[in-house]
Trainee: 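Have a look at the structure that comes next, please.
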Number of protein chains: 2
Amino acid sequence: MAAATEHALEAAEAACTLRGARLTELRREVLRLVLEAGQPVGAYALLDRLRAGRAGAAPPTVYRALDFLLEQGLIHKVERLNAFIACADAHDHAPHAGHGHAHPHQFFICGRCGDAAEIADASIAAAIAEAARRIGFRPRGATVEVEGLCAACAEAG
Amino acid sequence: MAAATEHALEAAEAACTLRGARLTELRREVLRLVLEAGQPVGAYALLDRLRAGRAGAAPPTVYRALDFLLEQGLIHKVERLNAFIACADAHDHAPHAGHGHAHPHQFFICGRCGDAAEIADASIAAAIAEAARRIGFRPRGATVEVEGLCAACAEAG
DNA sequence: CCGGTTTCCGTTACCATATAACGTGCGGCA
DNA sequence: TGCCGCACGTTATATGGTAACGGAAACCGG
Ligand SMILES: [Zn+2]
Ligand SMILES: [Zn+2]
Ligand SMILES: [Zn+2]
Ligand SMILES: [Zn+2]
């Protein structure tokens with residue numbers, strides 16, 4: 001599946017260029033590591049892997065790169081795991097001119113195999129927006145993370 | 001509003017008794033601190049306050065109490081803040097015999113004043129359940145946390 | 001090409017959040 | 001009485017995240 005990673009990297013490159021953001025060597029490398037993980041991955045796990053090619057890497061090195069990738073909507077943070085994962089459809093959501101909130105999304109996290117499936121369900125988003133409206137709350141961003149068993153694991157055991 | 005805190009503590013006592021769980025002195029004290037905070041409060045902030053009356057308190061002291069209170073559904077964790085808050089309607093949800101998942105709930109967190117409003121919106125829960133069903137996911141618990149401006153702060157500015 | 005400005009990133013130090021591991025005391029129970 | 005399980009103290013450690021400073025490099029208006 002290295003091909004998928006390469007494709008995603010090229011798409012990220014293109015998206016950044018469109019917005020005038022600089023996907024530097026370091027940021028590109030961190031994005032590659034997140035893509036290759038394929039699952040939510042912690043900042044320090046990324047740091048360890050990053051050090052394979054970059055001797056002096058330290059926490060700020062990886063956190064700054066992650067902040068950039070979050071800004072660009074190329075990755076998401078999984079709050080329940082304090083971990084990061086590549087956006088499943090970074091190439092789809094419109095390249096806003098400015099910086100950004102990530103697009104609305106939800107995660108279904110398997111407690112057995114560790115997979116995190118990203119979806120963008122309009123009716124969940126609508127229900128949240130409606131509830132917010134009802135209490136006069138002005139939403140700026142939402143975290144929706146469901147823990148449980150994925151289809152494969154539920155069947156297996 | 002100390003009266004409200006006392007009332008909640010008595011309700012918690014009753015609920016624990018019903019389930020055969022022991023709301024010890026320590027756990028009761030931590031619950032009191034969470035109730036008195038009125039907002040999401042970090043474990044180490046609780047630890048500091050706990051130390052006022054308990055010289056030797058250490059991280060495990062407060063984390064074990066918090067784990068118990070979470071089990072009993074008396075408090076919730078706010079993942080986005082790594083903080084804890086008293087359940088807004090702990091006396092309402094059925095006292096399951098066994099231990100438990102917390103009841104379904106959602107938080108609307110004001111980024112200006114720090115308040116976190118807990119609601120239990122059936123249509124949000126339903127939309128999530130439906131999305132889970134569609135992908136064959138078996139949910140065990142959900143985190144729904146919306147960040148933004150509460151009604152008061154949105155009006156103020 | 002120059003000089004001013006911004007951005008990126010190396011580096012050090014530190015803070016914040018959470019858990020592992022082990023021991024002791026205590027109450028319930030055969 | 002001996003055993004067991006739970007609660008909790010205690011120490012140490014793991015894991016996650018920032019502040020602050022400085023130098024190098026990219027960018028831009030001349
Ligand atoms: Zn996404
Ligand atoms: Zn699974
Ligand atoms: Zn609640
Ligand atoms: Zn507010």
Side-chain angles (χ1 to χ4, degrees), chain A residues 13 16-17 19-31 33-34 37 39-72 74-85 98-99 114 143 145, chain B residues 12-13 16-17 19-31 33-34 37 40-72 74-85 98-99 114 143 145:
Chain A
E13 193 85 59
C16 286
T17 301
R19 299 170 220 183
R22 291 158 56 189
L23 185 63
T24 64
E25 182 58 31
L26 171 64
R27 291 163 175 173
R28 190 185 170 93
E29 185 61 22
V30 171
L31 177 56
L33 291 172
V34 175
Q39 286 195 347
V41 58
Y44 280 70
L46 290 169
L47 180 54
D48 284 345
R49 296 171 204 181
L50 190 60
R51 280 176 168 148
R54 228 168 238 266
T61 310
V62 69
Y63 277 105
R64 285 195 286 234
L66 289 171
D67 284 347
F68 172 86
L69 297 171
L70 286 169
E71 279 279 315
Q72 297 301 317
L74 297 170
I75 65 173
H76 299 297
K77 179 166 188 182
V78 184
E79 300 286 350
R80 283 177 78 115
L81 305 175
N82 294 319
F84 303 85
I85 188 170
H99 306 259
T143 298
E145 294 173 2
Chain B
E13 193 85 59
C16 287
T17 301
R19 299 170 222 184
R22 291 159 54 189
L23 185 62
T24 63
E25 181 58 32
L26 171 64
R27 291 163 175 173
R28 189 184 169 92
E29 185 61 22
V30 172
L31 177 55
L33 291 172
V34 175
V41 57
Y44 280 72
L46 291 169
L47 180 54
D48 284 345
R49 295 169 205 183
L50 189 60
R51 278 177 168 148
R54 230 169 235 266
T61 309
V62 69
Y63 277 105
R64 285 195 285 234
L66 289 171
D67 285 346
F68 172 86
L69 298 171
L70 287 168
E71 278 280 314
Q72 297 301 316
L74 297 170
I75 64 172
H76 299 298
K77 178 165 187 183
V78 184
E79 299 287 349
R80 285 176 76 115
L81 305 176
N82 293 320
F84 304 85
I85 188 170
H99 307 260
T143 299
E145 295 173 0

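The figures here come from the full heavy-atom set of this structure, side chains too, leaving out hydrogens, waters and symmetry mates.
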Trainee: Send over the distance from A:L46 CG to D:dG16 P, rounded to a whole Å.
Mentor: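 It is 10 Å, rounded to the nearest whole Å.
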
Trainee: Tell me whether the side-chain N/O atoms of A:N82 come closer than 4.0 Å to OP1 or OP2 in D:dT15.
Mentor: no

Trainee: State, with a plain yes or no, whether a side-chain heavy atom of A:V34 is found less than 4.5 Å away from one of A:L74.
Mentor: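 Answer no - side chains too far apart.
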
Trainee: Is any side-chain heavy atom of A:L47 less than 4.5 Å from a side-chain heavy atom of A:R51?
Mentor: yes

Trainee: Using the rule side-chain hydrogen bond (donor to acceptor under 3.5 Å, both in side chains), only one of B:E79, B:E145, B:R80 pairs with A:T143; which is it?
Mentor: B:R80

Trainee: Of all residues at least two apart in sequence or in a different chain, which pass the side chain to side chain contact (heavy atoms under 4.5 Å, CB included) check with B:T17?
Mentor: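 With neighbours one apart ignored, the set is empty.
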
Trainee: Quick one: does B:R64's side chain get under 4.5 Å of B:L26's, heavy atoms only?
Mentor: no

Trainee: Which whole-number value in Å describes the distance from B:R80 CZ to D:dG16 C1'?
Mentor: 17 Å

Trainee: Starting from P on D:dG16, measure out to CG on A:L81 and report it in whole angstrom.
Mentor: 10 Å

Trainee: Measuring to OP1 and OP2 of D:dG16, would you say a side-chain N or O of A:K77 lies under 4.0 angstrom away?
Mentor: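 It does not, given that no N or O in the side chain of A:K77 lies less than 4.0 Å from OP1 or OP2 of D:dG16.
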
Trainee: Grab the CG-C1' distance between A:L66 and D:dG16 for me, whole Å please.
Mentor: 12 Å

Trainee: Which heavy atom in B:L31 sits nearest to a heavy atom in B:A12, and how many Å separate them?
Mentor: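 Scanning both residues, the minimum pair turns out to be CD2-CB, 3.6 Å.
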
Trainee: Nearest whole Å is fine: how far is D:dA25 C1' from A:E25 CD?
Mentor: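 Interatomic distance, CD of A:E25 to C1' of D:dA25: 15 Å.
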
Trainee: So do A:L69 and A:V30 actually touch side chain to side chain, heavy atoms under 4.5 Å?
Mentor: yes

Trainee: So, does B:R28 use its side chain to make a donor-acceptor pair with the main chain of B:L23 at under 3.5 Å?
Mentor: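 No, B:R28 side chain to B:L23 backbone: no donor-acceptor pair under 3.5 Å.
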
Trainee: In whole Å, I'd like the distance from the CG atom of B:D67 to the P atom of D:dC8.
Mentor: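 Distance, rounded to whole Å: 12 Å.
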
Trainee: Between which nucleotides of DNA chain C, read 5' to 3', does contact with chain B run, using atoms under 4.0 Å from its heavy atoms?
Mentor: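 Under 4.0 Å from chain B, the extent on DNA chain C is C:dT17 to C:dA21.
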
Trainee: Keeping B:R19 on the side-chain end and B:Q72 on the backbone end, is there a donor-acceptor pair under 3.5 Å?
Mentor: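 Yes, the answer is positive, given that a donor and an acceptor are paired below the 3.5 Å cut-off.
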
Trainee: Send over the distance from B:Y44 OH to D:dT15 C1', rounded to a whole Å.
Mentor: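 Rounded to the whole Å, the gap is 11 Å.
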
Trainee: Kindly state which residues belonging to residues 55-65 of chain A come within less than 4.0 angstrom of DNA chain C, counting heavy atoms of the residue only, listed by number.
Mentor: A:G56, A:A58, A:P60, A:T61, A:R64

